[in-house]
Amino acid sequence: MSGSSSGTSPGDSGDDDRDRSDERAGSPQTPSPEPSPTASDSDDVTIEDDGVVRWFLKTNDETVMVTRDVLSSVAIVAVVALLLFGVSGIWPPLVAVESGSMEPNMYRGDLIFVVEEDRFASDSALEGTGVVTLERGQETDYTKFGNPGDVIVFRPNGNPARTPVIHRAHFWVDEGENWIETKANAEFVGDATCQEVPNCPAPYAGFITKGDHNLGYDQTGGGANTNIVKPEWITGKAQYRIPWLGHVRLAVDDLLGGILVSPSPSSQLADTQPEPAAMTPTGPASGLESNGDLAGIAGVAGGSIALAAGRYRS
């Protein structure tokens, strides 16, 4: 007579459950993750425990955070300024134009990136200089800022006390040359003769210059009203244009009267020049543009770099 069995068979699932339970009991338990520190934990950083440097970098103290932001901005500006100086080879590498004699290729308030005369020199440059004159530019199709030839920065009459001028180099004259008859454009000298021009015949070799918007050469009483420009008077060569940003530099200089910032080059209008053309608004900064425009750099260091820029007459 067979009876019901109260036990379970060896193959019963109950044995398997007990075995698995024993295995779990014998295996090491995975520790539960510790709670991550909250943002407020950085308030526990102290000078005594962590040192001044780590405390300064990690603390959430509001005054220190503002100081960190200011120092970071200054450091970025300094790095950008040093990079620009390394490329240009002169200081300041950026200059603000303060008048309109180079319009429509440069406007008042433009920031101009300038380099040493012999940097990025074209094959068309005059021998012994890094400057391409308008005369040579016409022959070789070399243009800068909308017209043939380089735009140079120079001290009028070599006087370091005068604000530098940024004008285009039109042609080179040799010592004793009657350049009014040999090279001058009649449109800019009218019916003047060599005897009526103080710099003719040329007392020495050098450049004849002119603002693009001026009616006459600088050496015939227009614009900068300077003698023939000797190569050693040249302090730089215009390379790129950043529209509008120079207004920051000009505004600060006008406000402070030049007390905190040194004078800078500008472009100078001739007394007989017509009313300047209306300023054409420039689109959003987007990088390199044609005719020597450089807009993208304006967003890197902005007004801080502009404050360190020089100021030029055009």
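Position 1 is the first residue of the sequence; numbering continues from there.
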Peer 1: Would N227 and Y204 count as a side chain to side chain donor-acceptor pair (under 3.5 Å) if you check the C-alpha gap in whole Å, the side-chain angles of each, and the deciding distance to 0.1 Å?
Peer 2: CA-CA 10 Å; N227 294 326; Y204 48 81; 4.5 Å; no
Peer 1: Is the shortest heavy-atom distance from the side chain of E135 to the side chain of K183 under 4.5 Å?
Peer 2: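 Yes. Closest side-chain heavy atoms under 4.5 Å.
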Peer 1: I152 vs T209, test: side chain to side chain contact (heavy atoms under 4.5 Å, CB included). Steps then yes/no.
Peer 2: CA-CA 9 Å; I152 60 174; T209 55; 4.0 Å; yes
Peer 1: In terms of ring plane angle, is the pair Y217 and H170 parallel, tilted or perpendicular, where the classes change at 30° and 60°?
Peer 2: perpendicular
Peer 1: What's the verdict on side chain to side chain donor-acceptor pair (under 3.5 Å) for T226 and D218, showing C-alpha distance, side-chain angles and the deciding distance?
Peer 2: CA-CA 6 Å; T226 181; D218 296 327; over 6 Å; no
Peer 1: Going from CE on M106 to CG on L111, what distance comes out if it is rounded to the nearest 0.5 angstrom?
Peer 2: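 Rounded to the nearest 0.5 Å, the CE-CG separation comes to 11.0 Å.
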Peer 1: Looking at D110 and R241, is there a salt bridge between them, counting it only when a charged N and a carboxylate O are closer than 4.0 Å?
Peer 2: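 Salt bridge: yes.
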Peer 1: May I ask you to check whether over 12 heavy atoms, not counting those of D123, lie within 6.0 Å of atom CG?
Peer 2: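 No, because the 6.0 Å sphere around CG of D123 holds 12 heavy atoms or fewer from other groups.
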Peer 1: Using side-chain heavy atoms (C-beta onward) and a distance below 4.5 Å, is D212 in contact with S101?
Peer 2: no
Peer 1: Determine, using the 4.5 Å side-chain heavy-atom cutoff (strictly less than), whether Y142 and F171 are members of one ILVMFWY cluster.
Peer 2: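 No; F171 is not reachable from Y142 via cluster members.
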Peer 1: Would you say F113 and V132 are hydrophobically clustered, going by side-chain heavy atoms of ILVMFWY under 4.5 Å?
Peer 2: no
Peer 1: Check whether I228 and V165 end up in the same hydrophobic cluster, where Ile, Leu, Val, Met, Phe, Trp and Tyr are linked by side-chain heavy atoms less than 4.5 Å apart.
Peer 2: yes
Peer 1: Please give me the minimum heavy-atom distance between F207 and Q219, naming the atom from each residue.
Peer 2: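 Minimum heavy-atom contact is O-NE2, 3.8 Å.
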